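These notes concern the structure reproduced below.
Ligands are counted one by one from 1 in listed order, and the atoms in each one are counted from 1 as well. Note that the structure is predicted; figures quoted are calculated from it, not measured. Residue indices begin at 1 and follow the sequence shown.
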Amino acid sequence: MSLARMFCRLNGYLQPISKARAPLVSGFIRTQIEVRHWLHTVPQSTSCHWQLQEDSLKLSYGGLVMHFAYVWLRDHCHSASCFNSKTNQRNLDTANVELNIRPANTRVDDENIFLTWPDGHVTRYNLSWLAQNSYEGQNQSAMQPHIIWNSDIYTSAKVPSANWDKFMSCDDELKKFLGRFLLYGIAFVEGVPPTVEATETLTQRVSLIRETMYGKMWNFTSDFSRGDTAYTKLALDRHTDTSYFQEPCGIQVFHCLRHEGTGGRTLLVDGFYSADKVLQNTPENFELLAQVPIKHEYIENVSDHHNHMIGIGPVLNVYPWNNEVYMIRYNNYDRAVINTIPHDIVKRWYVAHRELTTELRKPENELWIKLKPGKVFFIDNWRVLHGRESFTGLRQLCGCYLTRDDFLNTARSLGLHA
Ligand SMILES: C[N+](C)(C)CCCC[C@H](N)C(=O)O
Ligand SMILES: O=C(O)CCC(=O)C(=O)O
Ligand SMILES: [Fe+2]
């Protein structure tokens, strides 16, 4: 079976791989019967041009050429009867919009375009609002700007840690911390009292804690109290956690409260950096990792703990409209049986997985740090992989997972783009 057909079967809306990087819009919008000339309001003073096409309005404004389907335009009317501006919720019943609706009249001033619908209802669209919310506008910018790093890039950026006292009392310090975290996918707070309670207080400044079967705050040593290698003294290769959840935990917080022994350093690798290398070097491997869904699984039967978790999704999760990677699931320990892909594609998937692994394992991409009591460490578990060196002696690590939505909510409330 061809890869393209395979993907159609696996996921109806995906395009065949060879076309996956072409703009999604082409081919979806029918060829239009075009109005012959651009219409413009005040040719000398504005840069707004528009054309009424068969199913859509073509608008040129602020350096962008955009297309808005009429049904979309009717659906996005923000008049008082269609939209409740107090709750920011739609009032209009989309199911009642005539799918082939066309405006009966169009008028433009310096800042707005006004459409009159066949029933006489008038919608005013602010031109900047249209530009910001157009498909073409989204396609040009990343949803979340990042600085992707290898060890040298991160080290030379000399990203400062936040300080516990300031972090707890000053919103500006919190904002700076969150800004760094959004850019790099890791961030540190120093001078924290080495207790579970202080670690919890600190994280609650950032987000709600995501309770899982490991508990809310966890505090663990190498006692194999749970059925997972994390609870031993063995080395752990780079991985993301909870790949076996339908929605892997967004952020992981670690605080080493005690270590009397040797080894146990933490390894960090920016997964987005390696994914980008694969995209640059072998786009077809990137597409395979982005399109073939695989399973991860957690099966635990130790003392009172009986858990069976399954998460399904590709290694690289990308936004379909701009191909931007937003989440990596990479955990070779927890990867489950692959039984959903025919053998020829499976082999190509292994080739792609090998290329990503080779990138992730390049020594120059590895950042090694030693966690110490007092230094709390936040990792974007959708982006940055962690691992650890084997160790000797008593080592006690506490921490928690955070819900991504609540973390982003805090960042937005402080005025950050998140
Ligand atoms: C962090 N904490 C010790 C609580 C859990 C560790 C989970 C380990 C699991 N293999 C995974 O990668 O998800
Ligand atoms: O022991 C460590 O440093 C980290 C172990 C680990 O990967 C985890 O708990 O998720
Ligand atoms: Fe882990």
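- At a 4.0 Å heavy-atom cut-off, ligand 1 touches N331 through the side chain alone.
- For ligand 1, the atoms lying closer than 4.0 Å to a non-hydrogen atom of D334 are 9 (C), 10 (N), 11 (C), 12 (O), 13 (O).
- The contact set between ligand 1 and Q252, taken as ligand atoms under 4.0 Å from a residue heavy atom, comprises 1 (C).
- For ligand 1, the polar-atom distance check finds no N/O of Y214 at less than 3.5 Å from any of the ligand's N/O atoms.
- Using a 30° and 60° split on the angle between ring planes, Y298 and Y214 fall in the perpendicular class, above 60°.
- Of the heavy atoms in H239, only side-chain atoms (C-beta onward) come closer than 4.0 Å to ligand 1.
- Contact annotation: for Y231 versus ligand 1, heavy atoms closer than 4.0 Å belong to the side chain alone.
- Of all atoms in ligand 1, listed by their number and element, those nearer than 4.0 Å to a heavy atom of D228 are 8 (C), 9 (C), 10 (N).
- Heavy-atom proximity to Q252, at under 4.0 Å, picks out these atoms of ligand 2: 10 (O).
- By the criterion of a heavy-atom distance under 4.0 Å, the side chain of L397, and not its backbone, is placed next to ligand 2.
- Only the side chain of Y244 comes within 4.0 Å of ligand 1, judged by heavy-atom distances.
- Numbered from 1 in the order shown, with element, the atoms of ligand 2 that lie under 4.0 Å from a heavy atom of F254 read 4 (C), 8 (C), 9 (O), 10 (O).
- Between H353 and Y350, the ring planes lie perpendicular to each other; the angle is over 60°, past the 30° to 60° tilted range.
- Using a 4.0 angstrom heavy-atom cutoff, F220 counts as in contact with ligand 1.
- Contact atoms of ligand 2 toward F220: 9 (O) (distance under 4.0 Å to a heavy atom of the residue).
- By the 30° and 60° cut-offs, the orientation of the rings of Y319 relative to Y326 is parallel.
- Residue contacts with ligand 1 for Y401 involve side-chain atoms from C-beta outward but no N, CA, C or O (heavy atoms, distance under 4.0 Å).
- The neighbour count for E111 CD, taken as heavy atoms of other residues, nucleotides or ligands under 6.0 Å away, does not exceed 12.
- A perpendicular orientation is assigned to the rings of Y184 and Y154, their planes being inclined by more than 60° (bins at 30° and 60°).
- The closest donor-acceptor contact from the side chain of E389 to the backbone of R265 lies under 3.5 Å.
- Geometry about the Fe ion (ligand 3) gives an angle of 90° between NE2 of H386 and NE2 of H239, rounded in steps of 10 degrees.
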